[in-house]
Amino acid sequence: MRSIRRHLSHWLLAGMAVMILVCGIGCYDLVRRTLRQRFDDALVDKARAFTTLVEPELAGVEFPLEDTLARMPEFTREEHPEYFELWLGDGVSLHRSPSLRATHLPMRFATMTAPELWDLELSDGRNGRAVGIRFEVRERVPTEVDPAVLDVLRTETGIDSGGIVTLVMARGSEDVDRILATLLLALGVAGGSLLIGTALWVRRVVRTGCRPVLELAQRIETLDVESETPLDTGAEVPAELRAFHRRFQQYRERIASSFAREKRLTSNIAHELRTPIAELRTITELALSWPGDLDLQQKSMAESHAIALQMERLLRTCLRLARLQSGQAPLESEALEVSSLLQRLSRRSLDVLEEKEIRFEAELEPDCICQTDPELLELVLSNLLDNAFQHAPRGTWVHVLARREERGLRIAIANPAEDLAPDELPRLEEPFWHKSSSASHDDHLGLGLAMVRAASRMLGAQFQANLSDGRFETSLHLVNDEQGATG
Amino acid sequence: MRLLVVEDSTRLRTSLQSGLERLGFAVDTAADGKTGLSLAKVEPYDAIVLDLMLPGISGLDILRELRQRGKATDVLILSARDAVEDRVQGLELGADDYLVKPFAFDELVARLRAMHRRKHGVKQAVITLADLVIEPATRRVRRGEVELDLTAREFALLELLALRLGETVSRIEIEDKLYGMERFPNSNVVASTISILRAKLGDPPLIHTRRRLGYVLSENTP
């Protein structure tokens, strides 16, 4: 399993290590090049200066190189000496530094302006650096020198006027090497320390930074899934986790609410069944206790039959609700005049209206035609009207509205509901919910609004229930389709 | 035994009334909490069969108010709520028994009778006086070896006197217990039933009249 903390730590550390390494290498290389360059420059300058020193002797009458060398003890000393060797153009070694003893330097050369430089192992085993220059000895004939003598010298030295000479000069690079080694060590130590420090710091920062995530994960891990208490995050939630935390709480509340509804539904279903079963049991037990009482027998049979029909109705309604909620009910589409439908449904409850002295107020626009499933719409409207008539207090009113609006057709049914509390509004659509705790609810199963919600969804209509200032209103919006029909 | 049945289910309420009256109980009914509480406060019931989930005032509220007023009437809760906490709550509030719906009618009757016996301190299931043996559970009465055939009302009257063995029970109380809110302008209905019962019980007489006081079931003349 991927770990954010480990991922961050590893990659941060790897990145830091690479940067430290690159910087260290760069730094070392820069210093090495600089030192080398300076070393080479010094060597080249010395070689050039040496050519200047020895050229007169080579071109002139005398060849007192020893005098020159006497002024340059580095070519004669025992410890860490420098070396040089001169060759004539044909490769004949003309002169070597005393430090070379019996050995020779390799003859490699380039021009004076761009001499050749190379690494080599010196005769004493040290690492060194050599420079090779080929230069031309120009004739300079002093006026006081006898030309005959000069000829002898030329013969003896082999150097003729205009002769080519090669100089190779070498010196040990131990100083540079030592500096570079020290630098390398210092860079290594510094880099290593930096890396260790970075590792510790990265670890701390990542741990601290990830702590809210880890704490949140731990709290979620130990959360009782059955509990409804909100998730306690302890300290303030970081900005990056706020959305997650908020959504998690919302989903948790929603799930808890669903579980609570499910529990209530199961309890309500059991409760709805208990009463008719208790009635059936008592009635049949009495009939069995007095088998000779014909009147009792007949009455018991009739009551038992009525209970069976009641339970059948309950079962059918539950099945219908289940089909509506699952979207399985088949949908028809017909043109339907809504105002006429509302009037017809209202007329069925005239006796209730009269008995309860309820004033029926209708605002029904003519020609409110919509394309819809007539059976489902009738189911919705009859449930809403029945609820309104049933729950409107005696001597009050029920208001029904049907009218065309820009977005479609609006149907609204309202009644006074002073005893309905705002926190009960979300429960109205729960199957089997009743405001009264009484077990017997006559013919009202408490499934009406649940079916209205499910049927509305199938019709593509928007259903709302609102409570305001003691006025309870249910409304249905049948939205226009592309052709202008409503459904 | 005079009962009040407070139950909002019409079918159940009428069935219980019918069945209990057939067994000799005097039964009054109430379909809602308010009516039930009013009756319970005023009338002298031997027991109340009380549903919990009632329109208006709940059964528990009725029970709570009765006990707060010092009413010691036996209460048997009859409810669909079967959770332990519901039963505990009902009993803790002062109910004497708790029966969960659906229930056996015979069990309801047996529990009501048991409550009644407890109330009168009668532990045994059979009441005996001389050679008279009364079995309330089976509603059988024997005098010596002879089984007596009594109507429900006659048995209820005999049981009432037997539970108050040696005590004088007034005519008015007998009317209350046997006939409930049914009132008879002719006050001889009790005397008439007593007379029939005496005849069936035979000699030596066990039911004695105490002039202006009432009747007493006793082996000896008071």
Side-chain angles (χ1 to χ4, degrees), chain A residues 263-264 266-311 313-314 390-391 393-394 419 432-446, chain B residues 5-25 27 29-36 49-62 77-83 85-86 99-110 112 138-139 151-152:
Chain A
K263 278 185 196 170
R264 283 197 297 270
T266 308
S267 170
N268 289 342
I269 290 173
H271 195 69
E272 286 294 321
L273 291 175
R274 269 189 206 277
T275 300
I277 289 173
E279 291 168 354
L280 194 61
R281 186 171 180 179
T282 303
I283 288 167
T284 51
E285 282 179 0
L286 291 179
L288 288 169
S289 296
W290 286 278
D293 189 332
L294 287 177
D295 188 48
L296 178 63
Q297 297 302 312
Q298 277 179 343
K299 197 175 169 193
S300 298
M301 294 284 239
E303 294 277 7
S304 300
H305 186 246
I307 293 169
L309 291 177
Q310 180 188 338
M311 291 178 75
R313 187 171 145 259
L314 172 64
Q390 194 66 34
H391 293 110
R394 176 176 292 278
D419 59 344
F432 301 111
W433 186 81
H434 297 276
K435 177 157 175 68
S436 162
S437 61
S438 166
S440 71
H441 312 288
D442 298 330
D443 288 335
H444 293 267
L445 298 170
Chain B
V5 174
V6 187
E7 168 61 60
D8 63 325
S9 161
T10 306
R11 283 197 193 106
L12 195 55
R13 188 177 65 249
T14 53
S15 299
L16 286 176
Q17 183 176 29
S18 169
L20 290 167
E21 282 179 348
R22 284 169 189 273
L23 291 174
F25 294 91
V27 182
T29 61
D32 60 86
K34 195 174 169 188
T35 309
V49 177
L50 183 62
D51 183 22
L52 289 186
M53 294 171 75
L54 297 166
I57 309 171
S58 74
L60 287 177
D61 288 335
I62 294 174
I77 290 177
L78 196 65
S79 176
R81 288 195 197 157
D82 65 343
E85 48 268 24
D86 294 316
L99 193 56
V100 175
K101 294 177 188 174
F103 57 93
F105 180 74
D106 288 346
E107 186 180 353
L108 171 67
V109 172
L112 287 170
T138 56
R139 294 171 68 237
T151 66

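Letters A, B, ... mirror the listed sequences (proteins, then strands); counts begin at 1.
Heavy-atom distances place the side chain of A:Leu286, and not its backbone, under 4.5 Å from chain B. For A:Glu285, the part sitting under 4.5 Å from any heavy atom of chain B is the side chain, from C-beta outward, and nothing else. If you measure heavy-atom distances from A:Leu280 to chain B, you find no contacts under 4.5 Å at all.
Salt bridge status for B:Asp82 with B:Lys101: absent, with no side-chain N to carboxylate O gap under 4.0 Å.
Of the listed residues (A:Ala306, A:Ser300, A:Ser289, A:Pro276), the greatest number of heavy-atom pairs within a distance under 4.5 Å of chain B belongs to A:Ala306.
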ask   = Where do B:Ser15 and A:Glu279 land on the side chain to side chain donor-acceptor pair (under 3.5 Å) test, with the steps shown first?
value = CA-CA 8 Å; B:Ser15 299; A:Glu279 291 168 354; over 6 Å; no
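A distance of 10.0 Å separates CG in B:Asp61 from CG in B:Leu54, rounded to the nearest 0.5 Å.
In the model, B:Gln17 has no side-chain atom that pairs as donor or acceptor with a side-chain atom of B:Arg22 under 3.5 Å.
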